[in-house]
Amino acid sequence: MVNLIYSNSLMSAEGETATQKLKDVINTPYILAVEGAVATANSGYYNIIGSMDGKPLTALSAVEFLGSRALHVLAVGACAVHGGVSAAKPNPAGCVSVTSVLQRKVIQLPGCPCHPDWFTGTLAHLLLYGEPELDSRNRPVMFYSQTIHDRCERRSFFDKGIFAKKLGDEGCMFKLGCRGPVTPIDCPIRKWNGHINLPVGSSTPCIGCAQFGFPDKMESFISYDVIKSEE
Ligand code: SF4
Ligand code: F3S
C-alpha cells in the first residue's frame, strides 16, 4: 500500500538525485512523515538533509515547504513530536518539534523510538479510512489511550504496596522511578522486538519514552534516594 518516495535512511539514491524525489512529489497528493527534531538555530544549518539546486537543504526549510502542501503530516518519534533528545538541555541547535514550525494539524506519534506498528498502523488507517480518532494532543487513540501502569504485568504488586528496592527485585518499580503511571501507550500488550518484551518485562522501569517532554521532563529515570530514606 505504501509508495515510499523519500527516506534518507532507506533509499538508495543520494545527493540531488534523492532530493529531486522530493521535488517530484510536490504536485501530487502525499503524506509527510518527519523523523527527528527541526534545528532552528543559525537558520537551520545544524541539520542539512541534502542539497537542492546546488544549495544546502535544511530540515527546517524542507519541513516548512513540504509540510504546508502535504495531505497529512505525521511527527514520528519523540524528537519530531516535542524535540526529544535533540532538544534536551542545553539544546545548542535550537531543536524544536515539527508542530512548532508548521501552522497546521500534525498527527503526533511520540516514542523513543516510535514503534513500527504505531507508525504503519496510523499510515494504514489514513490510507484506508482517513484520519484516526485523535486525543487532545493529536495522538491516535488506538495506540495512546491507556497508561503502561493500567495494563502492567506488575500492577498487582503496586496495588498491594510491594515495591522493588533494586533492579531485578520482584515487585512494582514505582520507587525506582518507573514512569509507567504517566505514560499512555500500549507497550504492555504490543511489546517490542517482534512483540517479545517491554522494559518492565526485563526488570527495567519504564522511562516514559513515549510521553511528552522525554527525556528532560522524565528525569531522573532512577532515584535511589527514596529507597535509602526508607532503609
Ligand atoms: Fe506501574 Fe511501573 Fe509499577 Fe508497572 S512497574 S505497576 S508501570 S509503577
Ligand atoms: Fe518507552 Fe516505557 Fe514503552 S520506556 S518503550 S514507553 S515501556
Side-chain angles (χ1 to χ4, degrees), residues 1-87 91 93-132 134 137-140 142-144 192 209-210 214:
M1 288 191 302
V2 178
N3 180 12
L4 188 61
I5 304 280
Y6 178 93
S7 166
N8 57 5
S9 51
L10 295 178
M11 68 197 305
S12 56
E14 296 178 5
E16 298 236 1
T17 311
T19 43
Q20 182 63 38
K21 302 267 181 201
L22 289 178
K23 273 184 170 174
D24 293 345
V25 90
I26 285 165
N27 293 318
T28 67
Y30 64 91
I31 294 171
L32 176 68
V34 182
E35 290 182 282
V38 184
T40 58
N42 276 357
S43 306
Y45 272 75
Y46 283 99
N47 186 359
I48 294 168
I49 64 167
S51 63
M52 194 179 267
D53 302 327
K55 293 181 189 157
L57 176 65
T58 65
L60 176 61
S61 55
V63 168
E64 285 175 338
F65 186 64
L66 292 161
S68 60
R69 291 165 174 78
L71 283 180
H72 302 279
V73 180
L74 277 61
V76 183
C79 294
V81 170
H82 50 82
V85 173
S86 308
N91 192 8
C95 286
V96 299
S97 64
V98 172
T99 307
S100 305
V101 298
L102 286 180
Q103 313 302 316
R104 61 169 296 165
K105 180 189 274 184
V106 176
I107 296 176
Q108 312 282 3
L109 303 175
C112 190
C114 173
H115 195 295
D117 291 359
W118 307 337
F119 172 56
T120 52
T122 303
L123 197 55
H125 200 290
L126 285 168
L127 295 173
L128 291 170
Y129 311 115
E131 188 178 281
L134 304 175
R137 304 183 86 169
N138 287 337
R139 294 171 292 195
M142 59 185 168
F143 301 120
Y144 294 87
W192 291 80
C209 81
F214 174 83

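Positions are given from 1 along the sequence. Just so it is clear, the structure is predicted and the values come from calculations on it, not from any experiment.
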Student: What is the minimum heavy-atom distance between A78 and C112, and which atoms define it?
Tutor: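 Closest pair (atom of A78, atom of C112, distance): CB-CB, 4.1 Å.
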Student: Determine whether N47 and T58 make a side-chain contact, defined as any pair of heavy atoms from C-beta on separated by less than 4.5 Å.
Tutor: no
Student: Please examine the side chains of T28 and I5, heavy atoms only from C-beta on, and report whether any two atoms are closer than 4.5 Å.
Tutor: no
Student: Give, for atom CD1 of I31 and atom CG of N3, the distance between the pair rounded to the nearest 0.5 Å.
Tutor: 11.0 Å
Student: Report the distance from atom NE2 of H72 to atom CD of E131, rounding to the nearest 0.5 Å.
Tutor: 7.0 Å
Student: Please examine the side chains of D117 and H115, heavy atoms only from C-beta on, and report whether any two atoms are closer than 4.5 Å.
Tutor: yes
Student: Would you find a donor on one side and an acceptor on the other, under 3.5 Å apart, between the side chain of Y144 and the backbone of P110?
Tutor: yes
Student: Could you pull out the closest heavy-atom pair between V63 and L102, with the gap in Å?
Tutor: O-CD2, 3.5 Å
Student: How long is the span from the CD1 atom in I49 to the OG atom in S61, to the nearest 0.5 Å?
Tutor: 7.5 Å
Student: Donor-acceptor pair, distance only, cut-off 3.5 Å: does the side chain of N91 make one with the backbone of C95?
Tutor: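 Between the backbone of C95 and the side chain of N91 there is a qualifying donor-acceptor contact (under 3.5 Å).
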Student: Show the nearest heavy-atom pair for residues V76 and F119, with the distance to one decimal.
Tutor: CG2-CD1, 3.8 Å
Student: Determine the minimum heavy-atom distance between Q108 and T99, stating which atoms define it.
Tutor: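 So the minimum-distance heavy-atom pair works out to NE2-OG1, 2.8 Å.
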Student: Does the side chain of P140 come within less than 4.5 Å of I107's, by heavy atoms?
Tutor: yes
Student: Look only at the side chain of H125 and the backbone of G130, and say whether a donor-acceptor pair between them is shorter than 3.5 Å.
Tutor: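 The answer is yes, because a donor-acceptor pair under 3.5 Å joins these two groups.
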Student: How long is the straight-line distance from NZ of K21 back to CD1 of I26, given to the nearest 0.5 Å?
Tutor: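 Reported to 0.5 Å precision, the distance equals 14.0 Å.
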Student: Measuring from atom OH of Y6 to atom CG of D24, what distance do you get when rounded to the nearest 0.5 angstrom?
Tutor: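 The OH atom of Y6 sits 13.0 Å away from the CG atom of D24.
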Student: Looking only at heavy atoms, which two atoms of A39 and Y46 are closest? And how far apart?
Tutor: CB-CB, 3.9 Å
Student: Would you indicate whether the side-chain heavy atoms of L71 and L126 approach each other to under 4.5 Å?
Tutor: no
Student: Parallel under 30°, tilted from 30 to 60°, perpendicular over 60°: which one fits the rings of W118 and W192?
Tutor: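 Rings of W118 and W192: perpendicular, over 60°.
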Student: With a 4.5 Å heavy-atom cut-off, do C79 and V81 have their side chains touching?
Tutor: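 Sidechains of V81 and C79: no contact.
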Student: With a 4.5 Å cut-off on side-chain heavy atoms, are V38 and S97 touching?
Tutor: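 Side chain of S97 against side chain of V38, heavy atoms only: no contact under 4.5 Å found.
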Student: Drop me the distance from R69's CZ to E64's CD, to the nearest 0.5 angstrom.
Tutor: 11.0 Å
Student: Specify the closest pair of heavy atoms between V73 and G67, including all atoms of both residues, with the distance to one decimal.
Tutor: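 What the structure gives for the nearest pair is CG2-O, 3.7 Å.
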Student: State whether the side chain of R104 and the backbone N or O of A70 hold a donor-acceptor pair below 3.5 Å, judged by distance alone.
Tutor: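 Looks like yes, one N/O pair under 3.5 Å.
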Student: Are the side chains of K23 and M52 in touch, meaning some heavy atoms are under 4.5 Å apart?
Tutor: yes
Student: Side chains of E35 and S7: do they bring a donor and an acceptor to under 3.5 Å?
Tutor: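 Distance-only check fails for E35 and S7.
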